[in-house]
Amino acid sequence: MMIELREHYQEIQETLAEAARKAGREPEAIRLMAVSKTRTYQEMLEIFSCGQLLFGENRVQEVQEKVPQLRREGMRLHLIGHLQSNKAKKAIELFDGIDSVDSLKLANKLDGYLTRPFPILLELKTAEEDSKSGFSSQDVLFSALDTIMKSSYLQVRGLMTIGPLDGDEKKVRVAFSRLRNTFDAVQTRFAPPGFDTLSMGMSGDYRLAIEEGSNLVRIGTKLFGNRG
Ligand SMILES: *Cc1c(COP(=O)(O)O)cnc(C)c1O
């Protein structure tokens with residue numbers, strides 16, 4: 001089973017490189033986040049030993065339970081799931097970055113607890129579905145940024161979105177190009193230092209995401225297999 005994981009990891013690397021080339025982009029321009037929610041720390045270590053440093057998790061409590069406080073040197077854990085304000089303090093202790101900041105309230109809360117520079121991504125809702133988290137529009141995100149740019153410790157490193165999950169290629173492209181446009185607009189209007197990350201694309205839609213300019217894909221299922 002562990003051997004299988006190593007093979008999956010190699011396959012993913014090759015698949016991503018090929019998708020990049022097909023889209024006319026350099027393979028090195030696309031980074032991989034290994035999404036390890038529901039997986040054991042052992043499984044994470046197996047992927048870590050292949051050279052993967054960046055892992056994504058969606059629940060504070062799960063990480064608290066499964067990841068030892070002294071984790072392997074170099075391993076970086078980012079939160080990619082919705083964070084409730086009352087878990088903000090815990091989250092900044094456990095994570096190296098939060099890629100799913102979706103409200104000004106949460107950003108303020110995080111900044112209040114922080115005592116070190118801390119990278120975040122802002123999550124934008126780019127699909128129509130109501131259930132999804134994220135800033136509801138570019139305007140709302142901009143108005144939050146007016147404040148976040150003045151915060152002491154938060155470093156806005158980029159944007160994140162979850163594409164529509166119903167698989168319609170056209171809709172997925174529209175969502176991803178929306179994030180791309182907002183990314184460019186943030187760059188022009190705010191130019192946050194180190195603003196370079198466009199996190200979009202998962203196991204089912206990473207190809208389209210790469211074609212639409214993603215430079216960080218978040219892969220779970222295709223790497224670890226189906227979840228429970
Ligand atoms: C679970 C999850 C992923 C990975 O999804 P897969 O389809 O398993 O690759 C990516 N991003 C977020 C925000 C997730 O919650």
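Atom set for the values below is all heavy atoms of this structure, side chains included, hydrogens, waters and symmetry mates excluded. Whatever order the structure lists ligands and atoms in, that order sets their numbers, starting from 1.
- Nearest to atom 12 (C) of ligand 1 among the protein's heavy atoms is I80 CD1, 3.5 Å.
- If you look at L223 next to ligand 1, there are no close heavy atoms at all, none under 4.0 Å.
- When side chains are defined from C-beta on, Q64 does not count as touching K87, because their heavy atoms never get closer than 4.5 Å.
- Ring geometry for F183 against F195 counts as parallel: the plane angle stays under 30°, on a 0 to 90° scale with 60° as the upper cut.
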**From CA spacing to verdict: salt bridge (charged side-chain N to carboxylate O under 4.0 Å, His left out), E11, K222** = CA-CA 9 Å; E11 280 166 22; K222 235 180 132 52; over 6 Å; no
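- The protein heavy atom nearest to atom 11 (N) of ligand 1 is R218 NE, 2.8 Å.
- Shortest contact from atom 15 (O) of ligand 1 to any protein heavy atom: K37 NZ, 2.7 Å.
- Applying the 4.0 Å criterion to heavy atoms of T221 picks out, from ligand 1, the atoms 6 (P), 7 (O), 8 (O), 9 (O).
- Looking at I219 against ligand 1, only its backbone comes within 4.0 Å, counting heavy atoms.
- Scanning the protein heavy atoms around atom 10 (C) of ligand 1, the nearest turns out to be M202 SD, 3.3 Å.
- Within the 4.0 Å heavy-atom cutoff, M33 does not count among the residues contacting ligand 1.
- When only interatomic distances are considered, the shortest N/O to N/O separation between G220 and ligand 1 falls below 3.5 Å.
- At least one N/O-N/O distance between S203 and ligand 1 falls below 3.5 Å.
- Interface of I162 with ligand 1, defined as ligand atoms under 4.0 Å from a residue heavy atom, comprises 13 (C).
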